[in-house]
S.K.: 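What follows is a structure written as structure tokens; I'll ask about it next.
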Amino acid sequence: MTYDAIVLAGGAAQRLGGADKPGLSVGGRALIDRVLDACADAERTVVVGGRRATARPVAWAREEPPGAGPVAALDAGLRRTTAEVVLVLSADLPFLDAATVRALLAAAAGADQEGALLRDADGRDQPLVAAYRAEPLRRELALLATEHGNLTGLPLRALVAELALTRIGADPLASFDCDTWQDLAAARARIRDHGNVLDEWMTAVKNELGIDVPVDTKALLDLARDAAHGVARPAAPLTTFLVGYAAARAEASGADPAEAVARASRQAAALALRWAAEAESQDGDGSGNGTR
């Protein structure tokens, strides 16, 4: 589904002592960049808040007056969009992923629905993890502005109360936001859990280097193991580097990058196994010492 994204990156961050919350890092990446990564396929992304460096190009907007609250900020962002569906996110969601975004967009496309929002594990609606049809959203914003004279200080519940929305459940972490220093510490600890750290690290490196290629982590780890055991420990990082270099050359010649990595990995792994077998054969027939 074609959609635009609005990311709200303003706010006073009072529980963080006024810190620049969107710029705080989790896993070496700014919170706002992690959110932008989850909606990378948006036709247009509008960030409402002060300008800053971001991992990908975005358009900028600002509520009037600055600090007027989330409803005013959403209105400012919506004015810069043209798609029939808009994804609305806060900029402090370290674990939001593309799968949750797709689920919201699919739910918002349902018949007689004016949008979809995430409901967290405690049963609370999350209007800043949501997808809305643009026209009903503009309608309700206009009605609120007429009723109250302006949108300053209005709560989001006043906006979504009159919309026909469906609620979806998702990974409980998808709506985890960093409102306090304790939240930030918990997020940083979470990505260093043994079960998550490699995926998080690979994603961080790919974003840092500006590459977008599927990586078979297990295959590369198996290759590194074979090189370390069959040749020598320093061969592990050197071999994986050379595999990446070979894959880049193949991609430049028109090959699929993921297949190029897989092919180069298989070739290097086979070489490492042949190297190891040769060393074992040499040790077995007494003709000399092994190479390991």
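Residues take their numbers from the sequence shown, with the count starting at 1.
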S.K.: Got T45 and D4 here, is their nearest side-chain heavy-atom distance under 4.5 Å?
M.R.: no
S.K.: Inspect the surroundings of CZ in R139 and state if more than 12 heavy atoms from other residues, nucleotides or ligands are less than 6.0 Å away.
M.R.: yes
S.K.: Among L36, V35, L31, whose side chain to side chain contact (heavy atoms under 4.5 Å, CB included) with D33 holds?
M.R.: L36
S.K.: Answer whether the closest heavy-atom distance between the side chains of L159 and L154 falls below 4.5 Å.
M.R.: no
S.K.: Is there side-chain contact between R44 and R80, with at least one heavy-atom pair below 4.5 Å?
M.R.: yes
S.K.: For the residue pair G23 and A30, what are the closest heavy atoms and their distance?
M.R.: O-CB, 4.0 Å
S.K.: Taking side chain as C-beta onward, heavy atoms only, is Y3 less than 4.5 Å from V101?
M.R.: yes
S.K.: Before you tell me yes or no, could you show the steps for R266 and E259 under salt bridge (Lys or Arg N to Asp or Glu O under 4.0 Å), namely the whole-Å CA-CA distance, both residues' side-chain angles and the distance that decides it to 0.1 Å?
M.R.: CA-CA 10 Å; R266 290 194 297 268; E259 178 55 34; 3.1 Å; yes
S.K.: Would you say CZ of R225 has more than 12 non-hydrogen atoms from neighbouring residues, nucleotides or ligands within 6.0 angstrom?
M.R.: yes
S.K.: Identify the heavy atoms of W60 and R52 that sit nearest to each other, and give their distance.
M.R.: CZ2-O, 3.3 Å
S.K.: Under a 3.5 Å cutoff, is there a donor and acceptor pairing between the side chains of S175 and R124?
M.R.: no
S.K.: Do you know which two heavy atoms are closest between P172 and A121, and how far apart they sit?
M.R.: CB-CB, 4.3 Å
S.K.: Minimum heavy-atom separation for A38 to L96, with atom names?
M.R.: CB-O, 3.7 Å
S.K.: Could you list all the side chain to side chain donor-acceptor pair (under 3.5 Å) pairs where at least one residue sits in residues 235-244, not counting sequence neighbours?
M.R.: none
S.K.: Here's a test for you: under side chain to side chain contact (heavy atoms under 4.5 Å, CB included), which of L165, V88, I168, L163 qualifies with L117?
M.R.: L165
S.K.: Quick one: does R188's side chain get under 4.5 Å of V26's, heavy atoms only?
M.R.: yes
S.K.: Can you check whether P257's main-chain N or O pairs, donor with acceptor, with E251's side chain at less than 3.5 Å?
M.R.: no
S.K.: Minimum heavy-atom separation for V160 and P127, please, with both atom names.
M.R.: CG1-CB, 4.0 Å
S.K.: How long is the straight-line distance from CG of L220 back to OG of S265, given to the nearest 0.5 Å?
M.R.: 4.5 Å
S.K.: Considering all heavy atoms of both residues, which atom of V85 and which atom of A131 are nearest to each other, and what is their separation?
M.R.: CG1-CB, 4.4 Å
S.K.: I need the full list of side chain to side chain donor-acceptor pair (under 3.5 Å) pairs touching residues 92-105, with sequence neighbours left out, sorted by first then second residue.
M.R.: K21-D92, S90-D92, D97-T100
S.K.: Begin with the C-alpha distance, continue with both residues' side-chain angles, and end with the deciding distance and a verdict on side chain to side chain contact (heavy atoms under 4.5 Å, CB included) for L78 and L137.
M.R.: CA-CA 9 Å; L78 189 62; L137 197 57; 4.1 Å; yes
S.K.: Examine distances only and state if a side-chain atom of Q267 and a backbone atom of L271 form a donor-acceptor pair shorter than 3.5 Å.
M.R.: no
S.K.: Below 4.5 Å, heavy atoms only, C-beta onward: do P70 and L156 meet side chain to side chain?
M.R.: yes
S.K.: Within a 6.0 Å radius of atom CZ on R79, are there more than 12 heavy atoms belonging to other residues, nucleotides or ligands?
M.R.: no
S.K.: Which residues pass the salt bridge (Lys or Arg N to Asp or Glu O under 4.0 Å) test with E135, sequence neighbours left out?
M.R.: R138
S.K.: Measuring only between side-chain heavy atoms, which start at C-beta, is C178 closer than 4.5 Å to L24?
M.R.: no
S.K.: State, yes or no, whether a side-chain contact exists between I32 and V47 at a heavy-atom distance under 4.5 Å.
M.R.: yes
